[in-house]
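See below for the structure under consideration.
Sequence positions, counted from 1, serve as the residue numbers for this chain.
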Amino acid sequence: MDVNQPKQEHLLALKVMRLTKPTLFTNIPVTCEERDLPGNLFNQLMKDDPSTVKGAETLMLGEMLTLPQNFGNIFLGETFSSYISVHNDSNQVVKDILVKADLQTSSQRLNLSASSAAVAELKPDCCIDDVIHHEVKEIGTHILVCAVSYTTQTGEKMYFRKFFKFQVLKPLDVKTKFYNAETDEVFLEAQIQNITTSPMFMEKVSLEPSMMYNVAELNAVDTAGESESTFGARTYLQPMDTRQYLYCLKPKQEFAEKAGVIKGVTVIGKLDIVWKTNLGERGRLQTSQLQRMAPGYGDVRLSLETIPDTVNLEEPFDITCKITNCSSERTMDLVLEMCNTNSIHWCGVSGRQLGKLHPSSSLHLALTLLSSVQGLQSVSGLRLTDTFLKRTYEYDDIAQVCVVSSEVKQS
């Protein structure tokens, strides 16, 4: 903390102290074996030390609290609190005292004073006290500017100020990854790393979705009817440790039905992270709006709605496809062709007319096929032709199905 001392003698004295929680006092154990020269002296001194825990004198544990000895670290998302005191050191009555506290950051200047009104007078050995609070929302250099103005008995107007400079550090490192599913679902993986020097209790890590999505958290498992966190009952994050959180976002019904809405860059939502440190100091961070690039499906999208996991060899099975016109302007007249592969054989008429498909609309299509080869087989060979533009769209490897012998499945 840098303090600029006033150059002239003032009647008032300004003191500023940061308000923080005390810390647990830890002693440094000094011990030796009984056959050494000091004998049992060191062990007895530790047992007599009131700051040690009885029965655990050599474990650097303490039951006593100690007041902060320095300014300490301030992290983004924490609340900065400071005690400001103006004391009249003179034997004169001082009038019109105005105390102002501003916080200067790299981008703005904030007024933290609780009141902007001047105090009429301050008698000798009396003081004006104020406590300011500010939730830190920027990293980097911060300067607390405390200014005091007053009037002496002779009517002379006096003014001085002090500067307190401190750094705001980054407590967490947050990285995100997106995974797009064929069913329009979006999976978000958030990696959160504690980059401070002390453990954190992760009180809440949630995703606030945008208006287009509903979110489901995948960070808990059901055990005997109760939801239990995958991280255990005590969700502590040690220094430099990383934890992964997973969320599944599904488009709301009104957006999922409109094929052309979810295109390009879309806003997913923002992460809300709340934690507590050693003695309950609370911190909170919200990320900026997370964005992802929606996958491009071209003019026509074909997706599978239903397909069995396992089927019998050389036995027909049914699937349901959804065909969507992703164009927002053009109506399509589609023809479906089904091409057999080495293992997949389609049942039905190939080259049939599907009719006109209007912009941003969909149709469901039930198809039947069978496999002549065992194992994990890819469903391929569908072709859609737009007769208006004479353009053909090919769809291969749209899904996989496990083909087993009928004797194996029945057993």
Side-chain angles (χ1 to χ4, degrees), residues 1-4 12-24 65-88 97-120 122 126-150 159-172 174 194-206 208 237 270-288:
M1 180 184 297
D2 296 333
V3 180
N4 293 345
L12 302 181
L14 172 66
K15 294 183 179 180
V16 178
M17 180 176 66
R18 183 192 173 195
L19 297 178
T20 58
K21 296 287 183 69
T23 57
L24 288 171
L65 298 176
T66 179
L67 294 177
Q69 303 299 307
N70 51 45
F71 196 75
N73 293 325
I74 300 179
F75 293 100
L76 183 69
E78 294 182 343
T79 299
F80 169 71
S81 300
S82 185
Y83 168 71
I84 300 175
S85 178
V86 177
H87 186 266
N88 188 352
I97 305 98
L98 180 62
V99 182
K100 186 178 180 182
D102 292 340
L103 186 63
Q104 178 70 55
T105 70
S106 58
S107 62
Q108 58 184 334
R109 189 182 182 102
L110 304 168
N111 180 22
L112 305 183
S113 300
S115 174
S116 59
V119 178
L122 186 63
C126 293
C127 61
I128 301 172
D129 298 324
D130 190 15
V131 176
I132 58 174
H133 303 280
H134 173 68
E135 184 179 347
V136 181
K137 299 180 179 180
E138 296 181 42
I139 59 175
T141 303
H142 287 55
I143 302 176
L144 180 63
V145 184
C146 298
V148 180
S149 62
Y150 61 96
Y159 173 85
F160 69 93
R161 60 181 180 174
K162 290 185 178 182
F163 301 90
F164 303 89
K165 185 177 181 181
F166 58 92
Q167 295 288 331
V168 174
L169 307 176
K170 184 180 177 182
L172 298 171
V174 182
N194 176 9
I195 56 177
T196 69
T197 57
S198 59
M200 289 181 176
F201 173 76
M202 306 304 293
E203 185 173 296
K204 183 181 75 168
V205 180
S206 62
E208 298 178 2
L237 191 59
K270 55 185 178 181
L271 287 169
D272 188 15
I273 307 170
V274 181
W275 71 90
K276 290 181 179 179
T277 51
N278 291 341
L279 289 172
E281 298 98 330
R282 189 184 182 92
R284 180 182 181 184
L285 280 182
Q286 278 193 333
T287 64
S288 57

Residue pair Thr141, Gln167: steps toward the side chain to side chain contact (heavy atoms under 4.5 Å, CB included) verdict: CA-CA 5 Å; Thr141 303; Gln167 295 288 331; 2.7 Å; yes

Could you tell me which non-hydrogen atom of Gln286 sits nearest to which non-hydrogen atom of Asp272, and how far apart they are? CG-OD1, 3.5 Å

Quick check: closest heavy atoms across Ser113 and Asp130, and the distance to 0.1 Å? CA-OD2, 4.4 Å

Salt bridge check: are Glu281 and Lys21 linked by an N-O gap of less than 4.0 Å? no

Arg282/Val274 under side chain to side chain contact (heavy atoms under 4.5 Å, CB included): CA gap, chis, key distance, verdict: CA-CA 7 Å; Arg282 189 184 182 92; Val274 181; 3.6 Å; yes

Evaluate the side chain to side chain contact (heavy atoms under 4.5 Å, CB included) criterion for residues Asp129 and Tyr83: first the C-alpha distance (whole Å), next the side-chain angles of each, then the deciding distance (0.1 Å), finally the verdict. CA-CA 7 Å; Asp129 298 324; Tyr83 168 71; 2.9 Å; yes

Can you measure from CD (Glu135) to CG (Leu76) and round to the nearest 0.5 angstrom? 9.0 Å

Look at the aromatic rings of Tyr150 and Phe160 and report parallel, tilted or perpendicular, splitting at 30° and 60°. perpendicular

Using every non-hydrogen atom in the two residues, find where Asn88 and Leu12 come nearest and quote the distance to one decimal. CA-CD2, 3.7 Å

Nearest-0.5 Å distance, CZ of residue Phe164 to CZ of residue Arg18: 14.0 Å

Does one side chain, of His142 or Thr105, offer a donor that lies under 3.5 Å from an acceptor on the other? no

Give the C-alpha distance, both sets of side-chain angles, the deciding distance and a yes or no for side chain to side chain contact (heavy atoms under 4.5 Å, CB included) between Leu144 and Phe80. CA-CA 11 Å; Leu144 180 63; Phe80 169 71; 4.2 Å; yes

Quick check: closest heavy atoms across Ala101 and Ile84, and the distance to 0.1 Å? CB-CD1, 3.7 Å

Checking salt bridge (Lys or Arg N to Asp or Glu O under 4.0 Å) between Asp102 and each of Arg161, Lys162, Arg109, which is the one that passes? Arg109

Distance (rounded to the nearest 0.5 Å) between Gln104 CD and Leu110 CG: 8.5 Å

Drop me the distance from Trp275's CH2 to Glu78's CD, to the nearest 0.5 angstrom. 6.5 Å

Restricting to non-hydrogen atoms, name the atom on Ile128 and the atom on Val119 that form the minimum distance, rounded to 0.1 Å. CD1-CG2, 3.7 Å

Separation between NZ (Lys137) and CG (Leu285), nearest 0.5 Å, reads 11.5 Å

For the backbone of Met17 and the side chain of Ser82, can you confirm whether one donor and one acceptor N or O come within less than 3.5 Å of each other? yes

Separation between CD1 of Ile97 and SG of Cys127, rounded to the nearest 0.5 Å: 11.5 Å

Which heavy atom in Val174 sits nearest to a heavy atom in Thr287, and how many Å separate them? CG1-CG2, 4.5 Å

